Amino acid sequence: MAKKNETAIRPTRAENYPEWYQQVIRASDMAELSPVRGCMVIKPWGYALWENMVRALDDMFKATGVKNAYFPLFIPISFLEKEAGHVEGFAKECAVVTHHKLEKDKDNRLVPAGKLNEPLIVRPTSETIIGDAFARWIKSYRDLPMLINQWANVVRWEMRTRIFLRTSEFLWQEGHTVHATKKEAIDRTYMMLDVYKKMAEEYLAIPVITGEKTAAEKFPGAEITTCIEAMMQDRKALQAGTSHFLGQNFAKASEIRFQSAMETEEYCWTTSWGVSTRLIGGIIMTHSDDNGIILPPRVASAHVVLLPILKKNETNETVMEYTRSVAEALRKKTYHHGPVRVEIDDRNIGGARNWEWIKKGVPLRVEIGPKDMDADSVYVSRRDRDRKDSFAIQKDSFAEHICDLLDEIQDGLYQKALAFLKENTRNIDDLDEFNKFFTPESSGKPEIHGGFAISHWCGSADCELAIKERLNVTIRCIPFDREKEDGQCIHCGSHSEGRVVFAKSY
RNA sequence: CGGGACGUGGCUCAGUCUGGAAGAGCACAGCGUUCGGGACGCUGGGGUCGCAGGUUCAAAUCCUGCCGUCCCGACCA
C-alpha cells in the first residue's frame with residue numbers, strides 16, 4: 001500500500017519545468033543523451049513514435065505529388081558560399097570535415113591525416129547540394145514542377161542543446177521544390193504548411209497558429225518564411241514546422257534555369273520546408289502530465305498494452321491464451337489505415353509494470369486476469385484519465401469499440417491543448433500590461449508565466465529588437481488570419497495595421 | 001561563447017568544509033512469501049568517486065587544467 005510518490009515524475013511541472021521535461025523523457029524510455037556532446041540516442045519506444053510520424057507525413061507528401069530522394073551528407077564549402085544569406089545563417093554552426101583518414105602518432109594515438117583539398121561541411125540543410133542537382137536535372141518547363149523530399153539527419157553545432165528540442169544532430173525531412181512561376185512556388189509553400197498544420201493538429205493533437213515570420217526571424221536566404229507555432233505547457237512558443245518561399249535566390253545561386261514554352265531561358269522559383277524530431281519534444285511538452293508522457297493515439301508507439309495478471313497456479317497458461325486471443329482480435333481492427341498496435345507485457349514485477357506503461361504514455365492499459373477471463377471481459381484504464389478511473393468491458397465489445405475509444409482520447413488531448421492555448425493567449429494593448437505579462441514574479445527561480453500576447457506592431461525591426469532585448473520576447477509570427485485593424489505599436493506607439501503574436505520561445 | 005550551479009554503482013543523493021578502509025535508498029539478479037499490489041524477507045552482483053596532472057606517508061576530499069550536464073544570456077528547427 002506504500003505509495004512512495006504522489007506523482008511518477010519528479011520534480012513536477014510547477015516545481016521545475018525544464019528538469020521535469022528531462023525526467024519525462026528518461027521515464028518514458030524514449031531517448032537518452034549520448035557520449036557525444038549535444039547528440040541523442042533515440043530508443044525503440046521513441047523511434048517507433050518517430051516512424052509513425054514519418055509514415056503519416058510521407059503519405060501526405062506523396063499525395064501532393066512529392067517524390068523521395070537522397071542527397072549526400074557532405075557538402076563542399078564552396079556550395080554554401082553561393083548564397084549570401086545562407087552563409088550568414090549557417091556558417092557559424094557547421095561541422096567541418098578536413099581529413100580523410102587516421103594515423104597513429106608516436107604515442108599510438110589516432111590523429112587525423114590526409115588533409116582534404118577542399119574541406120566538406122556536414123549538411124546543416126541541403127538547399128545548396130540539392131540545388132546543384134536540380135541545375136543539372138532541369139532543362140525545360142516540361143521538367144517542372146520538380147517536387148523532391150529527403151528524409152535525413154542534419155548537423156548544426158548548437159551552443160545550447162536540449163534533447164529533442166535542439167540537438168546538434170537531428171532527424172528531419174526537407175522538401176525542395178522547383179517551379180516555373182512565382183505564384184506556383186508560393187502556393188506550394190502554403191500547401192506544405194497546411195500539411196504541417198494537419199500533421200500537428202490531427203495526428204499530434206497539437207493546436208497551432210499559422211503565420212509568416214518577420215524579416216528578422218526568416219530562414220537564411222528565404223523571401224517568405226511561414227511557420228506553425230505551438231504553445232507548450234510552460235506557455236513558451238515552439239516553432240513546430242516551417243515552409244519557405246525562396247524566390248529565385250537559390251535558383252540564381254545554383255543556376256537552376258529552364259527554357260520556357262516561349263523559348264526564353266528563365267530562373268526557377270524554389271521552396272523548401274521541413275519538420276524534425278523536435279516535434280517529439282512538442283508532443284511531450286503539450287500532452288504530458290506529472291506522471292509522464294501521454295502519447296496521441298494516431299502516432300503512439302503502441303495503442304494498447306495488455307497486462308496479464310499471472311499468479312503461481314494453473315490458470316496462468318489459460319490467462320495467457322486468453323490474452324493472446326484479445327491481442328489477436330485487436331490487431332485485426334484497423335485504426336486510421338493501420339492495424340491497432342498491441343503490446344503484451346507478461347513480466348511478473350508487480351505494480352511497477354503498470355506504472356512503467358503510464359510513464360511510457362500508452363493510451364490504453366488493459367489488465368486481464370482470471371476474473372475477466374471468467375466474465376469474458378477485460379479491465380481497461382485510459383492514460384488521459386485518472387488511473388483509478390478504470391472499467392470492465394466485454395472482450396468483444398472492447399475490440400469493437402477500441403478505435404472509437406482511441407479517437408475519443410485523441411480528440412480529448414486536442415481539445416485540452418486548444419483550451420490551454422486559448423486560456424493563455426490574449427490581446428494586449430497596454431505596454432505596462434505587456435511588460436507584466438512577460439515578467440516572472442520571482443527572478444531567482446522564475447515561475448511559469450506569460451503566453452501569447454497578441455499585440456500591435458508597426459513593422460519596424462527596431463521595435464522588434466528592442467522588445468527582444470528587454471524581455472526576451474520575439475514575434476513568433478504574423479498570423480494569416482489576423483484582421484485588418486488600426487492600432488498603435490506596443491513599443492513605439494506609432495500606427496499599426498494589425499496584430500502579431502509575441503511570446504518567449506524555444 | 002559569457003555568468004551561475006553541478007559531476008560519487010542504472011537513478012536520486014550522503015560523504016568534500018576539517019585528507020586516514022567507497023556508503024544509503026531505489027533499480028537489477030536468485031530464492032521464498034505475497035500479489036488485480038509502484039508488496040515483503042533473505043542472499044547477491046555492480047563504482048579506477050567525470051578526465052589528466054600536482055601537493056602529501058596517504059586524495060572522492062586540497063591545488064591547477066580540461067571535459068561533460070543543467071539553468072540564465074547571445075544563436076538557432
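Letters go in sequence order (proteins before strands), and every chain restarts at 1. Computed from a prediction, not measured in an experiment: that's the story for all the values here.
As rounded to whole Å, 14 Å separates atom P of U69(B) from atom CD of E32(A). Counting to the nearest Å, the C1' atom of G36(B) and the CG atom of L310(A) are 11 Å from each other. Distance CD1 (I309(A)) to P (A39(B)): 13 Å, rounded to an integer number of Å. Atom pair Y322(A):OH and G36(B):P shows a separation of 18 Å (rounding to whole Å applied).
Base engagement by P370(A) is indicated by at least one non-hydrogen atom pair under 4.0 Å involving a base atom. G38(A) comes within contact range of the sugar-phosphate backbone alone, with a heavy-atom separation under 4.0 Å but no base atom that close.
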- Let me have a per-nucleotide readout for nucleotides 72-77 of chain B, 5' to 3', with B, S or -, counting only protein heavy atoms under 4.0 Å. BBBBBB
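Residue pairs that meet the side-chain hydrogen bond (donor to acceptor under 3.5 Å, both in side chains) test with at least one member in residues 30-48 of chain A, sequence neighbours left out, are D29(A)-K43(A).
Looking at the side chain of R37(A), the nearest of the listed nucleotides G36(B), U12(B), U69(B) is U69(B).
A cation-pi arrangement is present between R162(A) and Y21(A) under the rule of less than 6.0 angstrom and at most 45 degrees off the ring axis. Judged by the 6.0 Å and 45° rule, K92(A) forms no cation-pi pair with F90(A).
Partner of Q150(A) under the side chain to side chain donor-acceptor pair (under 3.5 Å) criterion, chosen from E174(A), H176(A), Q173(A): E174(A).
Across all strands shown, U34(B) has no partner, as no Watson-Crick or G-U wobble contact with both distances under 3.5 Å is found. If you check C6(B) for Watson-Crick or wobble pairing at under 3.5 angstrom, you find it paired to G68(B). Pairing for C13(B) is with G23(B), a Watson-Crick or G-U wobble pair whose two hydrogen-bonding atom distances lie under 3.5 Å. Of the nucleotides present, none pairs with A60(B) by Watson-Crick or G-U wobble criteria with both distances under 3.5 Å. Both distances falling under 3.5 Å, in either a Watson-Crick or a G-U wobble arrangement, occur for no nucleotide opposite C76(B).
For the residue pair S272(A) and H244(A), no side-chain donor N or O sits within less than 3.5 Å of a side-chain acceptor on the partner.
Taking the side chain to side chain contact (heavy atoms under 4.5 Å, CB included) definition, one finds that R160(A) meets it with nothing, sequence neighbours left out.
Taking the ring centroids of F502(A) and F434(A), they lie under the 6.0 Å cut-off.
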